[in-house]
2 protein chains.
Amino acid sequence: MAKRGGSGLEEIARAAGVSKMTVSRVLRGGSGFSEETRAKVMREVDRLGYVPNRLAAAFGPAGSSTLVGVCVPRFTSSLFGALLESLNATLARLGYQTMIGSHGQIPEEEETWLKGLASWRPAGVILAGRRHTAGTLDMLRSMGVPVVEIWDLTTSPLDISVGFSHFDNGLEMARCVLARGHRRIGYVGALGGRETMGRQRLEGFRAGLAEAGLNLIASEMLEDDSGFYPGFYGTETLLSREGNLDLIYYHDDEMAIGGLAFLRARGLDVPGRIGVAGWGGMEAASVLPQRLTTTKVPTARLGKAAAEALVGRLKGSPVQDVTVVPTQLVPGATIRPDA
Amino acid sequence: MAKRGGSGLEEIARAAGVSKMTVSRVLRGGSGFSEETRAKVMREVDRLGYVPNRLAAAFGPAGSSTLVGVCVPRFTSSLFGALLESLNATLARLGYQTMIGSHGQIPEEEETWLKGLASWRPAGVILAGRRHTAGTLDMLRSMGVPVVEIWDLTTSPLDISVGFSHFDNGLEMARCVLARGHRRIGYVGALGGRETMGRQRLEGFRAGLAEAGLNLIASEMLEDDSGFYPGFYGTETLLSREGNLDLIYYHDDEMAIGGLAFLRARGLDVPGRIGVAGWGGMEAASVLPQRLTTTKVPTARLGKAAAEALVGRLKGSPVQDVTVVPTQLVPGATIRPDA
DNA sequence: GATGCATGAGTTACCGGTAACGCGTGCGAT
DNA sequence: ATCGCACGCGTTACCGGTAACTCATGCATC
């Protein structure tokens, strides 16, 4: 039917013989009505199949929106997928809806997305990444809503920050592979010169090497998004330039798996001849003949923590500015055994 | 500052010395104003940093929403990820925003999601899958908005349908592997007894075998979501029950890749001893030593076509009820060579 | 018996944008 | 000269829900 307006508070109110406001009070579970009235109203609500109108609710008084904007780099990554799943589920459970976008690691696209989001007057915003344009910052300020930056920890969060340090992830991995005796080390990355979080890991990794007085021997920065095949041909390119490496650190596990495939195709023994380290703890690594050396990222915990921090702030509970969600380095069998 | 209301049409109107309605007309690019007025209004819009309020716009007259609901089975699949990317980008380009949810192949969860969506009065809905509860159907009807069912073609779409036939995908694959001489065939699937689209493919596959008077020798239906490791141990279980198979068809490529890993670990020659066929055309297969036999799904085209069909309907253009997005069977090297 | 207060309602105003309508002006058609 | 109409713009009335206010009633208190 879709008759104009479906049925609103007004209709329920008439049917129950009370006023609109009373119906509103009953539905929002406040007080100021008798049990008898509540029962009468609820009966009509069920009978008429009332569908609330959040548009109207959010439209009215400021701060009554239940919409949360979420922006991630891309949908086509198992990590971000799991993150979104967790964010979405947690926010839904807490009574919020999400409006999700992706920015492809381009800060300007994040700004464009935010501009669109702002016109829906959301209650809060969750952003993956710490690179924002000046326009984004302006807009966030003028929206005046809580902002949760996730994925990468920021030393000075805009508002709330939930995640871990990619720099430390890289640093820790460097120390680990150095301890196993690897010395001639290369890197294969993605997304070219952009300020991705992979770059933070790389910088941490370099710092770790520097502690031992070492440098990366060679690195290959692909322009592509991360993926299995980019890992494969990135490795090929890297080795064609510098064949004498004893370990390659990768942007993430998918690329590491692609790299492993190349190394195996070349007949290079892993880890005897060359070691491999990835990042992310992705499911694809579970079927490798060797356990992949990687850093596991608790995507589900991260999403849940971020959602709860945002809602906590919205409800007025005290919320930590920075929440660390710990990652776990898994040494695996693609680097040399512990001495 | 985030002063109450930011700045609305009213404020622009006052600054430009015109009425609210004129500002609205200018911004919506209609007619009914002079060039001079337009310039004056636009100047103030820029100067005051006007942020439109879609809440108010969508809230008013019926059918003026620019919100589209999208529900997919899950985020953690490279195929659905790519689909969402494409849907989101296309809809954004056409001036629409998306509200995305996932249902985990559980029709009741789709209904729950839809109930939440309905309260935002969306202009349209895009659903992946054809299994809907009665409640979902009721709600869709009473919402009175266009519905696009994607991914699987339905013989009788609720409204608009964009996709391809999973049954035909399975059928085609069966014919292909039969033509290559495979006869003792097994299947490894996911998500147990649920009515997934993988099940449609399986039924098509069975039908193809039946054409040659054959049956599946064995099949293993896991309860898990699809994934690499489920493919690995599903294959182990299947072969432990029935070791004498010469081909396994998988729910999708991820599972097929997991299966290949198992077969290689066992030292079974592929395709000499046993063949492997997957589905989806997933990127992970790109680094296998052999090209995987699979069916490529054009996720980006599908998302674009679905978004355009929905917007076409919303704008009143004539739109086909059913749009077929063709898939492509890639024979690959994991089945026996062409005789 | 007058006062105070809690309780259970109804009333009003408003959020920001848009449809529908109204009104004056200027111009071409008759 | 008059009529009709298109144009440019202003006015009004909503859309559905909620905050803030009002008001009547009943009951305990002094």
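Naming: A, B, ... by sequence-line order, numbering from 1 per chain. Treat the numbers as computed from the prediction; the structure is a model and nothing was measured.
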Assuming nearest nucleotide by heavy-atom distance, tell me which of Pro52(B) and Arg25(B) is located more 5' along DNA chain C.
Pro52(B)

Any salt bridge between Arg47(A) and Glu44(A), counting N to O under 4.0 Å?
yes

note: Leu27(A), atom CG; dG16(D), atom C1'; distance rounded to Å ~ 12 Å

Sub-3.5 Å donor-acceptor pair from the side chain of Thr133(A) to the main-chain atoms of Glu108(A), do we have one?
no

Need one value for Phe33(B): base, sugar-phosphate or nothing, where a base atom within 4.0 Å counts as base even if backbone is also close, heavy atoms only.
sugar-phosphate

Of all the choices, dG17(C), dT18(D), dT11(D), which nucleotide is nearest to the side chain of Tyr50(B) once you look at every atom?
dG17(C)

Which nucleotide wins on minimum distance to the side chain of Phe59(B), given the candidates dG17(C), dC15(D), dA20(C)?
dC15(D)

Checking all strands, does Ser19(B) fall into the base, sugar-phosphate, or nothing category for heavy-atom contacts under 4.0 angstrom?
base

Leu55(A) CG to dC15(D) C1': how many Å, rounded?
10 Å

Whether Ser31(A) contacts dT7(C) is assessed here as follows: a side-chain N or O lying under 4.0 Å from the phosphate OP1 or OP2. Is that the case?
no

Evaluate the side chain to side chain donor-acceptor pair (under 3.5 Å) criterion for residues Gln97(A) and Thr66(A): first the C-alpha distance (whole Å), next the side-chain angles of each, then the deciding distance (0.1 Å), finally the verdict.
CA-CA 6 Å; Gln97(A) 287 75 39; Thr66(A) 60; 3.0 Å; yes

Looking only at heavy atoms, which two atoms of Ile100(B) and Asn88(A) are closest? And how far apart?
O-ND2, 3.4 Å

In whole angstroms, how far is the P atom of dC14(C) from the CG atom of Asn53(B)?
18 Å

Taking 4.0 Å as the cut-off, does a side-chain nitrogen or oxygen of Ser24(A) come that near to OP1 or OP2 on dT18(D)?
yes

Using heavy atoms to find the nearest nucleotide of DNA chain D for Ala56(B) and Glu36(B) separately, return the residue whose nucleotide is more 5′.
Glu36(B)

Which one, dA19(C), dG17(D), dG8(C), comes nearest to the side chain of Met21(B)?
dA19(C)

N/O (side chain, Arg28(A)) to phosphate O (OP1/OP2, dA19(D)) under 4.0 Å
yes

Is any N or O donor-acceptor pair between the side chain of Lys20(A) and the base of dG10(C) shorter than 3.5 Å?
no

If only side-chain N and O atoms of Thr22(B) are considered, is one of them under 4.0 Å from the OP1 or OP2 phosphate oxygen of dG10(D)?
yes

Salt bridge check, Glu36(A) against Lys40(A): does any charged N sit closer than 4.0 Å to a carboxylate O?
no

dA9(C) OP1/OP2 closer than 4.0 Å to side-chain N/O of Thr37(A):
yes

